[in-house]
Number of protein chains: 2
Amino acid sequence: MEEMEVPAKRGKREQTKVNNRKAILAAARSIFAELGYGTTTVRDIIRRTDLASGTFYNYFQSKEEVFQALMDANALEVRPHLIETRANARTFEDLIEGTFRVFFDYLARDRGAFEVLRSNAGAIRVRMDTPEIVAGFDELQVDIEKAISDGLLEPVNASYLTAAAVGMAFEIGDRMLAQEEADVEGAVKFATSLIMGGVVKLSNPDSP
Amino acid sequence: MEEMEVPAKRGKREQTKVNNRKAILAAARSIFAELGYGTTTVRDIIRRTDLASGTFYNYFQSKEEVFQALMDANALEVRPHLIETRANARTFEDLIEGTFRVFFDYLARDRGAFEVLRSNAGAIRVRMDTPEIVAGFDELQVDIEKAISDGLLEPVNASYLTAAAVGMAFEIGDRMLAQEEADVEGAVKFATSLIMGGVVKLSNPDSP
DNA sequence: ATAAAACTTGACGTTCCGTCACTTTTTATT
DNA sequence: AATAAAAAGTGACGGAACGTCAAGTTTTAT
């Protein structure tokens with residue numbers, strides 16, 4: 001019996017191209033998580049595949065570009081869920097809570113995906129704001145602005161509020177992952193309460 | 001008349017050692033800000049001094065170590081002010097507001113110092129949690145815990161609250177620096193209100 | 001003044017980079 | 001099925017940056 005092959009809908013060429021790209025990304029993800037971004041080399045990545053060094057450059061220009069592709073892949077995976085969650089939100093609290101839950105949930109489920117930007121013992125922590133990721137931040141900001149104009153939220157500085165939510169998400173997410181059993185619900189509740197209480201105070205500075 | 005020299009308190013040797021170290025750090029700071037961390041090389045750094053390449057390695061093992069030294073220098077500069085400010089705080093709000101003000105003030109005053117970890121259009125953002133910096137975070141957490149045990153603050157998860165404050169500080173600070181005229185006071189008020197309102201909500205989940 | 005110690009220097013072997021002429025594989029054509 | 005054209009893969013190669021070290025220079029100690 002012949003080797004069973006994937007149907008190869010549109011040519012063998014296209015198929016291997018997709019496979020090679022995936023292989024490089026997978027290798028990169030594992031080696032970045034292992035050695036950290038700074039110390040891994042393009043050769044380290046390619047050595048984890050059965051491709052030649054030259055082939056790497058048919059797919060990416062540099063390790064920086066592979067890293068960007070990995071981050072974009074993360075963003076592409078989460079963004080639709082974030083968008084959908086917020087689209088269904090009927091209150092500002094739904095919006096914020098949903099955002100944190102989707103994000104923390106993804107972190108906990110797919111630890112490896114974000115392992116790269118966790119701080120490896122006194123080593124360098126690296127983060128890249130790719131167009132996809134920036135777009136995700138912008139969407140949050142737009143949704144916050146919309147919540148304000150819809151009257152779900154008192155007027156506040158949406159840029160700073162977005163920044164605050166993003167900073168909290170990454171930093172609290174990091175601490176959440178530091179424990180072996182990630183307490184997603186606890187992190188969601190904490191972050192949400194902080195923001196929700198915060199906006200009350202922001203729009204009403206003389207409360208308790 | 002002889003060339004005027006610095007008193008050289010303790011030998012010429014020690015003096016040049018200090019000078020060379022400073023020269024390397026200054027060169028590194030400027031070149032990192034210019035090229036970003038990823039693309040600068042040890043040679044780029046040493047080329048900005050009048051030292052030879054080999055000399056670099058008498059002072060640092062790698063560019064990573066220079067970077068760490070720069071971050072440590074930042075932390076060493078801010079930490080005393082943070083500590084003093086919080087020591088004088090009589091309320092939890094004083095504590096938080098003082099922390100943000102000292103931090104944002106330092107960012108605005110010494111832009112260059114933190115320029116490296118600002119996001120340069122699609123480039124990699126790098127952050128290093130050096131022992132000095134981690135110590136700074138820990139001090140904040142300890143002070144928060146102390147505020148709780150002193151009854152200035154209802155019991156909350158101090159680790160997450162610290163993470164939230166740190167994340168907000170970096171991310172809001174980044175947006176603050178994005179404007180050419182840094183609005184320190186606005187950023188302080190915003191971040192402080194968010195935290196203060198947040199802790200009210202955290203310890204009293206059924207408020208507004 | 002002289003010797004020892006400390007530090008600086010740049011040339012050297014090594015590793016990784018990015019490219020390119022060549023080979024292999026796939027697709028299109030007859 | 002055979003053959004030509006196109007596409008993609010390969011690894012050797014020159015170049016750049018690395019980290020080291022033997023030799024040279026400056027400072028300190030005697």
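Remember, it's a predicted structure, so these values are computed and weren't measured experimentally.
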**Message:** Output one letter per nucleotide in nucleotides 22-30 of chain C: B when a protein non-hydrogen atom lies under 4.0 Å from the base, S when only the sugar-phosphate is that close, - when neither is.
**Reply:** ---BBS---

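Residues meeting the ring-ring contact (aromatic ring centres under 6.0 Å, His included) test with B/Tyr160, sequence neighbours left out: A/Phe190. Remark: A/Thr39 engages A/Leu35 in a side chain to side chain contact (heavy atoms under 4.5 Å, CB included) (not counting sequence neighbours). Listed by chain and residue number, A/Phe103 satisfy the ring-ring contact (aromatic ring centres under 6.0 Å, His included) test with A/Phe170 (two or more places apart in sequence, or in another chain). Taking B/Phe67 as the reference, B/Phe32, B/Tyr37 meet the ring-ring contact (aromatic ring centres under 6.0 Å, His included) condition, with sequence neighbours excluded. In terms of the side chain to side chain contact (heavy atoms under 4.5 Å, CB included) criterion, A/Asp50 has no residue partners (sequence neighbours excluded). For B/Phe114, the ring-ring contact (aromatic ring centres under 6.0 Å, His included) criterion is met by B/Tyr106, not counting sequence neighbours. Shown here are the side-chain hydrogen bond (donor to acceptor under 3.5 Å, both in side chains) partners of A/Glu77, two or more places apart in sequence or in another chain: there are none.
Counting 5' to 3', DNA chain D first comes under 4.0 angstrom of a heavy atom of chain A and last does so at the ends given by D/dA6 to D/dA12.
The terminal axes of the helix from C/dA1-D/dT30 to C/dT30-D/dA1, fitted over 5 pairs per end, subtend an angle of 10° to the nearest 10°.
Using bins of under 30°, 30° to 60° and over 60° for the plane-to-plane angle, the ring pair B/Phe104/B/Phe100 lands in the parallel bin.
Within the structure, salt bridge (Lys or Arg N to Asp or Glu O under 4.0 Å) pairs that include any residue of residues 17-29 of chain A do not occur (at least two apart or interchain).
The main-chain N or O of B/Ile133 is found under 3.5 Å from a side-chain atom of B/Thr130 such that the two form a donor-acceptor pair.
Sorted by residue number, the members of residues 47-55 of chain B with any non-hydrogen atom under 4.0 Å from DNA chain C read B/Asp50, B/Leu51, B/Ala52, B/Ser53, B/Gly54, B/Thr55.
We find that NZ of A/Lys63 is positioned 14 Å from C1' of C/dT15, with the value rounded to whole Å.
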